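Okay, structure first, notes after.
Predicted model, so just to flag it, every value in this text is computed and none were measured. The first residue in the sequence is number 1, and the count goes up from there.
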Amino acid sequence: QVQLRESGPGLVKPSQTLSLTCTVSGGSITTDGYFWSWVRQPQGKGLEWLGAIYSNGDTYYSPSFRSRTSVSRDTAENHFTLQLYSVTPEDTAVYYCASKRGELLLHGELREYDYRGQGTQITVSS
């Protein structure tokens, strides 16, 4: 059973960089055909897709976040990471890592992913 677990700081100050890690167990992030994504859900709003890394290492970003987002991975540690630069209070949300075989869910719902983490609350505040 593949399991994903997000880890991060919880609280970030405005203008800082948010760094999140998704640790994967029970499967490999290099398994062919899987997109490993970061999504978030601000309170009272819909799910937003931020970016993803494919099983071969290619990266994909939402046009809305491309200029300040980076997704990378460590295959030895079997985890992938999100960096979101220059955060503002509008970046406050629950952040999830999730995986889907064969397609990028640019406008999907969490339930459409094959695997997903529990989510981690990130608050941007001074």
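A donor and an acceptor atom, one from each side chain of Ser86 and Ser15, are nowhere located under 3.5 Å apart.
Heavy atoms from other residues, nucleotides or ligands lying under 6.0 Å from CD of Gln43 number 12 at most. Remark: Gln16 CD is packed, more than 12 non-hydrogen atoms of other residues, nucleotides or ligands lying under 6.0 Å away.
For the residue pair Asp91 and Arg40, the shortest heavy atom distance occurs at OD1-NH1, 2.8 Å. The shortest non-hydrogen separation linking Tyr113 to Lys100 is CD2-CB, 3.9 Å. Across all non-hydrogen atoms, the minimal contact from Leu110 to Arg116 is O-NH1, 3.2 Å. Between Val71 and Gly51, the shortest heavy-atom contact is CG2-C, 4.2 Å. Here the shortest heavy-atom pairing between Tyr85 and Thr17 reads CD2-OG1, 3.4 Å. In terms of heavy-atom proximity, Ser55 sits nearest to Thr31 at CB-O, 3.0 Å.
Counting heavy atoms from C-beta on, the side chains of Cys22 and Trp36 never come closer than 4.5 Å. Between Leu106 and Ser62, every side-chain heavy-atom pair lies at or beyond the 4.5 Å cut-off. In this structure, the side chains of Glu48 and Pro42 come closer than 4.5 Å at one or more pairs of heavy atoms. Here the side chains of Leu50 and Val39 are not in contact, with every heavy-atom distance at 4.5 Å or above. Inter-residue side-chain proximity for Arg5 and Val24 is flagged as unmet; no heavy-atom pair is nearer than 4.5 Å. Side-chain contact check for Leu84 versus Arg68: some heavy-atom pair is nearer than 4.5 Å. Ser28 has its side chain out of reach of Tyr34: every pair of non-hydrogen atoms, C-beta onward, lies at least 4.5 Å apart. The closest side-chain heavy-atom distance from Thr123 to Val12 is not below 4.5 Å.
Of the possible polar contacts, one joining the Glu6 side chain to the Gly119 backbone as a donor-acceptor pair under 3.5 Å is found. Side-chain atoms of Thr92 come within 3.5 Å of backbone atoms of Val124 as a donor-acceptor pair (strictly under, hydrogens ignored). The closest donor-acceptor contact from the side chain of Asn78 to the backbone of Ser25 lies at 3.5 Å or more, if one exists at all. Distance alone, capped at 3.5 Å, places no donor-acceptor pair between the Gln41 side chain and the Val94 backbone. Checked by atom type and distance alone, the side chain of Asp74 never pairs as donor or acceptor with a backbone atom of His79 at under 3.5 Å.
Taken together through direct or relayed side-chain contacts under 4.5 Å among Ile, Leu, Val, Met, Phe, Trp and Tyr, Trp49 and Leu20 form parts of separate hydrophobic clusters. Hydrophobic clustering of Ile, Leu, Val, Met, Phe, Trp and Tyr side chains at less than 4.5 Å, counting indirect connections, unites Leu18 with Leu4. Follow the hydrophobic side-chain contacts under 4.5 Å out from Tyr95 and you never reach Leu104; the two are in separate clusters.
Relative orientation of the Tyr60 and Phe35 rings is perpendicular, given thresholds of 30° and 60° on the angle between their planes.
For the atom pair CZ of Arg73 and OG1 of Thr21, the computed distance is 15.0 Å after rounding to the nearest 0.5 Å. For the atom pair OG of Ser99 and CD1 of Ile53, the computed distance is 12.0 Å after rounding to the nearest 0.5 Å. Once rounded to the nearest 0.5 Å, the distance linking CD1 of Ile29 with OH of Tyr54 reads 14.0 Å.
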Open item on the list: Assess the residue pair Phe80 and Trp38 against the criterion (ring pair (Phe, Tyr, Trp, His ring centres under 6.0 Å)); give the C-alpha distance rounded to whole Å, side-chain angles, the decisive distance to 0.1 Å, and a yes or no.
Closed with: CA-CA 9 Å; Phe80 61 106; Trp38 287 99; 5.5 Å; yes

- [ ] Let me see the working for Ser72 and Thr81 under side chain to side chain donor-acceptor pair (under 3.5 Å), right down to the final yes or no.
- [x] CA-CA 5 Å; Ser72 59; Thr81 62; 2.7 Å; yes

